[in-house]
There are 2 protein chains.
Amino acid sequence: MRISTRGEYGVRAMVYMALNYLDGDIPLSRIALEENISQQYLEQIFSPLRQSGLINSKRGAKGGYTLARSPEKIFVGDIIRALEGPIAPVECVSDQKKNEDCRCGKSDNCLARQVWEKLRDHINELLNDISLQDMLDWKH
Amino acid sequence: MRISTRGEYGVRAMVYMALNYLDGDIPLSRIALEENISQQYLEQIFSPLRQSGLINSKRGAKGGYTLARSPEKIFVGDIIRALEGPIAPVECVSDQKKNEDCRCGKSDNCLARQVWEKLRDHINELLNDISLQDMLDWKH
DNA sequence: TTTAAAGTTGAGTGAATTAGTATGTATTAC
DNA sequence: GTAATACATACTAATTCACTCAACTTTAAA
């Protein structure tokens, strides 16, 4: 039950962006430096964040990234899903999958499946309810 | 955010054991057949389940496995933890780890960490609350 | 108009993990 | 003694992870 470093770094980077929301465009070099993450790896991470519409980019000198909307409108769930795809503890309860694709072969009376569905929904509800602004507010 | 097939198969096998709780010793060959899981792989999965005290084993002909206690006293969280270790979305909120080991270097004001802690606790609370008996009761 | 700073893209890579197989040993019922 | 079972260890092919590397495009500023 681990998220990858993409998700982990992505959340940290987005929190950093939220903390510095008023600074305008923030170059990756700055995030890489302050969060101690490889800049080239961050580039890979920011690409799907941009494609998901969570951040805007500006190319060229003095360019960088900005949050696409205010921190209270961006949720951890958005970030994780952008970076790791649909949140699902097993393949057969992922959005793209239908019951029939289940490894277990039980089309509708798979008791285990109901656990995975509950777990999936629980995780999504939690992560969809934590905004970047919520996280900023936690700061003592 | 996936669990491994060990956890997935482990839960299915344990549900099977619960469904057939009154049958006495159940050999792996039967579970492997009915749940369509490799018997050799199941052997690897049952070893930590036994070491965690969730099942008892009897060797030799007519041997097999039985639940170590009744289905209402065995929880999905027990099974997952036995097979995958502590449930934690990132390493730095795993039981074994201390704050200082965190990749981010922020000893106590890591905002991201608080998300992972909430997520960890949420998942554990859910899985610690679903017993095998609960699952049997779901059966239409 | 040049230059440097920045984003964008795709390929490559070594290490680790996953999802199993394969093989052999020990124990027990009959 | 034999067959059925648990137990244990080693092996492996494929995949994923966590990056690095290299090339290109765009833009601001000198």
Side-chain angles (χ1 to χ4, degrees), chain A residues 1-13 17 23-33 35-68 80 83-85 89-92 94 103-104, chain B residues 1-13 17 23-33 35-68 80 83-85 89-92 94 103-104:
Chain A
M1 290 299 289
R2 290 279 160 88
I3 64 161
S4 71
T5 54
R6 288 168 61 91
E8 183 181 343
Y9 294 167
V11 169
R12 271 171 52 204
M17 302 263 291
D23 286 7
D25 292 309
I26 300 175
L28 279 193
S29 54
R30 181 175 153 197
I31 305 178
L33 194 67
E35 288 289 330
N36 196 32
I37 301 172
S38 150
Q39 177 171 346
Q40 286 174 327
Y41 196 28
L42 268 185
E43 285 168 358
Q44 285 186 24
I45 292 170
F46 271 58
S47 175
L49 291 176
R50 181 177 54 84
Q51 286 170 27
S52 300
L54 299 176
I55 55 178
N56 295 322
S57 62
K58 197 167 110 189
R59 297 174 78 143
K62 301 283 176 184
Y65 293 95
T66 51
L67 295 184
I80 301 288
L83 294 173
E84 314 213 353
V90 300
E91 199 182 17
C92 73
S94 174
R103 251 188 290 256
C104 66
Chain B
M1 289 300 286
R2 291 278 160 91
I3 64 161
S4 69
T5 53
R6 290 168 60 88
E8 184 181 344
Y9 294 168
V11 169
R12 271 173 48 206
M17 302 264 291
D23 286 5
D25 292 308
I26 300 174
L28 281 193
S29 55
R30 180 174 154 198
I31 305 178
L33 192 69
E35 286 291 331
N36 196 31
I37 302 173
S38 149
Q39 178 172 346
Q40 288 172 328
Y41 196 28
L42 267 186
E43 283 170 357
Q44 286 184 25
I45 292 171
F46 271 57
S47 175
L49 291 176
R50 181 177 53 84
Q51 288 170 27
S52 301
L54 299 176
I55 54 178
N56 294 322
S57 64
K58 195 167 112 190
R59 297 174 79 143
K62 301 283 176 183
Y65 293 95
T66 51
L67 294 184
I80 301 288
L83 295 174
E84 314 213 353
V90 302
E91 199 181 18
C92 74
S94 174
R103 250 188 290 257
C104 67

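Because the structure is predicted, anything quoted here is derived from the model rather than measured. Just so we're on the same page: letters track the sequence lines, and every chain starts at 1.
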Under-4.0 Å side-chain N/O to phosphate OP1/OP2 contact, [X] with [N]:
| X | N | result |
| --- | --- | --- |
| A:T5 | D:dC17 | no |
| A:Y9 | D:dC19 | yes |
| A:S57 | C:dT8 | yes |
| B:S47 | D:dC7 | no |
| A:R50 | C:dT8 | yes |

Between atom [atom1] in [X] and atom [atom2] in [N], what is the gap in whole Å?
| X | N | atom1 | atom2 | result |
| --- | --- | --- | --- | --- |
| B:K58 | D:dT5 | NZ | C1' | 11 Å |
| B:L42 | D:dC7 | CG | C1' | 14 Å |
| B:F46 | D:dT9 | CZ | C1' | 20 Å |
| A:Q39 | D:dA18 | CD | C1' | 16 Å |
| A:R30 | C:dG7 | CZ | C1' | 17 Å |
| B:Y41 | D:dT9 | OH | C1' | 16 Å |
| A:R59 | C:dA5 | CZ | C1' | 12 Å |
| B:Q40 | D:dA13 | CD | P | 16 Å |

Any side-chain to backbone donor/acceptor pair from B:S52 onto B:L54? Under 3.5 Å, distance only. no
Using a cut-off of 4.0 Å on non-hydrogen atoms, how would the nucleic acid contact of [X] be classed: base, sugar-phosphate, or nothing?
| X | result |
| --- | --- |
| B:I3 | nothing |
| B:Y65 | sugar-phosphate |
| B:I26 | sugar-phosphate |

Classify the side-chain pair A:S47/A:Q51 by whether it contains a donor and acceptor separated by less than 3.5 Å. yes
Starting at CG of B:L49, measure out to CZ of B:R6 and round the result to the nearest 0.5 Å. 8.5 Å
Report the residue (A:A61 or A:S38) whose heavy-atom-nearest nucleotide on DNA chain D is the more 5′ of the two. A:S38
Nearest-nucleotide 5' precedence on DNA chain D, B:Q44 against B:S29: B:S29
Please report the closest heavy-atom contact between A:N56 and A:A68, naming both atoms and the distance. ND2-CA, 3.6 Å
Nucleotide of C:dT8, C:dT27, D:dT5 approaching A:E43 most closely (side-chain heavy atoms): C:dT8
Quick check on B:D23: does its CG atom have over 12 non-hydrogen neighbours (other residues, nucleotides or ligands) under 6.0 Å away? yes
